[in-house]
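Below is one structure, written out as structure tokens; the observations come after it.
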Amino acid sequence: MLDQRLVRDNPDFIAQQLGRRGLDVDLTGLQLIANQQRDLEERRSSLQAEGNTVGKQVGLKIKGGADPKGSEVAELRHRGNTIKQQVAVLEEEEKQLSSKLREQLLSFPNLPSVDCPEGRSEADNKEVRRWGEPRKAEGLEEHWQIADRLGLLETERSVRIAQSRFVTLMGQGARLERALINFMLDLHCSKGYKEVLPPVLVNSASLQGSGQLPKFAEESFRCADDDLWLTPTAEVPVTSLHRDEIIPADLLPVRYVAYSPCFRREAGSYGRDTRGLIRLHQFNKVELYWFSHPDQSDQAHAQITADAEAVLQALDLPYRVLDLCTGDIGFSAARTYDLEVWLAGAGAYREISSCSVCGDFQARRSSIRTKEGKATRLVHTLNGSGLAIGRTMAAVLENGQQADGSVLLPEALAPYFGADRLQPE
RNA sequence: GGAGAGGUGGCCGAGUGGUCGAAGGCGCAGCACUGGAAAUGCUGUAUAGGGGCAACUCUAUCGAGGGUUCGAAUCCCUCCCUCUCCGCCA
């Protein structure tokens, strides 16, 4: 959420920054609302001050022996009543303006960071580095072909269980998924992240706090009879872990690693990535999350990205890092590095992690602050996949496939899987 | 699902109509005492918004919303949540 003071003081700056995202917004109307709201608040509170004085006087008079039914007290009562009525009118008006203001503020995306590269679409993203040697050869299978051949997943039967875009992992596939989750959690924990296993049903306040609501309701699954939604990412429950809290500055940064299944409706993606593990309504993810001191979020961003990259390096999976442009970063993000893993069968890099710094955007929505001396300040939040499990499995399968039909696993994974390769059954 | 109890500051806990943002205690911070510390004493210690260069000041907040009243933590209504017992259940 944007700062309403900024709306009053410098709406042009907001418009200009949102312009970098490709949005054309006019904030004069909103500025007017914000100013009117502030003026109303001033008038209302001074009236209330007057009313408070009147109330106190009545008490004092009666205590001082004045006749509670006498004219002196009656006059004060009358004044109190008049003020009460005036306050009620102002309050009602102010309330309407405030909720209108908040509603609109909640619908604006974050302002891009000054360092975020300019651009309109993903075509303008900037590649910043590559790691590893991509395996290139003719006749390599895509991961869904390998999975099919090795019996790692039930796709068609999953439609019977749920719908399309759900899979059931079987045998070695299920075991590999579990191995990947454990491997990643252990790796991050060894670097000081605290492990979190959050609820996967979250209330709407939590979704609003991290930026999924009100704008992206159609992207999440909702429970019909409760104010509960299936979480689209562990970022949502972890943000709300500290909602409405003040985190002492000496505890920052607070770093969490959270495994959770993630649920997304993928509305509007019909026909894209219909096969395999790339785009599902339900998938597993290990998520990194930081609550950072506001002055240290840039370093934190570099670190969280490095921590996500460490997984790919440990698994010996080639990847590249993109600095997403202003036109491609997500709603809550100020700046984002995407990690794209090499898929040898598809012969392409594919997003496997998104590491974003959100500045105070989520912290303001969720009211998460820290304290320095007497002043409270909003913390900065960061999140990064470390990593998406299904896509990692796809990469492991495609990059490790052998001529004999087996899949050689990355060395680091063998102890978790209990064998160094997947064998045809 | 049935029955009951309760929601007050970082925590515990007092407060049933007036000067109460709220006694007292704990915790925390500063100062004093000490060679240093403990103990002790003193002082301070909520959040948000508005105004002011600042000192400071105004308003709101005692689960949420509404009502009664000149005045509500306190009275009335509605809702939410938590806890305990019983039932059911992984």
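The shown structure was predicted, so the numbers you read here are calculated from the model rather than taken from an experiment.
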For residues 161-173 of chain A, run the donor-acceptor check on the side chains, cut-off 3.5 Å, and write out each pair with its distance to 0.1 Å, sequence neighbours left out.
unit_1   : atom_1 : unit_2   : atom_2 : d
A:Arg165 : NH1    : A:Arg272 : O      : 3.3
A:Arg165 : NH1    : A:Asp273 : O      : 3.3
A:Arg165 : NH1    : A:Arg279 : O      : 3.1
A:Arg165 : NH2    : A:Ser269 : O      : 2.8
A:Arg165 : NH2    : A:Arg272 : O      : 2.9
A:Thr168 : OG1    : A:Ser158 : OG     : 2.7
A:Gln172 : OE1    : A:Gln423 : N      : 3.1
A:Gln172 : NE2    : A:Gln423 : O      : 2.9

Using a 4.0 Å heavy-atom cut-off to protein, can you give one letter per nucleotide of nucleotides 52-66 of chain B, 5' to 3': B if the base is in contact, S if only the sugar-phosphate is, - if neither? ------SSS-----S
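Not counting sequence neighbours, the partners of A:His242 by the ring pair (Phe, Tyr, Trp, His ring centres under 6.0 Å) test are A:Tyr256, A:Phe291. Residues passing the salt bridge (Lys or Arg N to Asp or Glu O under 4.0 Å) test with A:Arg20, sequence neighbours excluded: A:Glu118. The salt bridge (Lys or Arg N to Asp or Glu O under 4.0 Å) search around A:Glu309 returns A:Arg129, not counting sequence neighbours. Taking A:Ser353 as the reference, nothing meets the side chain to side chain donor-acceptor pair (under 3.5 Å) condition, with sequence neighbours excluded. Scanning for salt bridge (Lys or Arg N to Asp or Glu O under 4.0 Å) contacts around A:Glu398 gives an empty result, with sequence neighbours left out. Considering only residues two or more places apart in sequence or on other chains, A:Phe331 meets the ring pair (Phe, Tyr, Trp, His ring centres under 6.0 Å) condition with A:Phe216, A:Phe361. Under the salt bridge (Lys or Arg N to Asp or Glu O under 4.0 Å) criterion, A:Glu91 pairs with no residue at all, not counting sequence neighbours.
Nucleotides B:U40 and B:U34 have their C1' atoms positioned 12 Å apart, rounded to a whole Å.
Evaluation of the side-chain hydrogen bond (donor to acceptor under 3.5 Å, both in side chains) test over residues 176-185 of chain A, restricted to residues two or more places apart or in two chains, returns A:Glu177-A:Asn284.
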Contact list (N/O, under 3.5 angstrom) for nucleotides 77-81 of chain B vs protein:
none

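Shown for residues 79-93 of chain A: residues whose heavy atoms fall under 4.0 angstrom of RNA chain B, namely A:Gly80, A:Asn81, A:Lys84.
Regarding contacts with the backbone of B:G50, every side-chain N or O of A:Arg43 stays at 4.0 angstrom or more from both OP1 and OP2.
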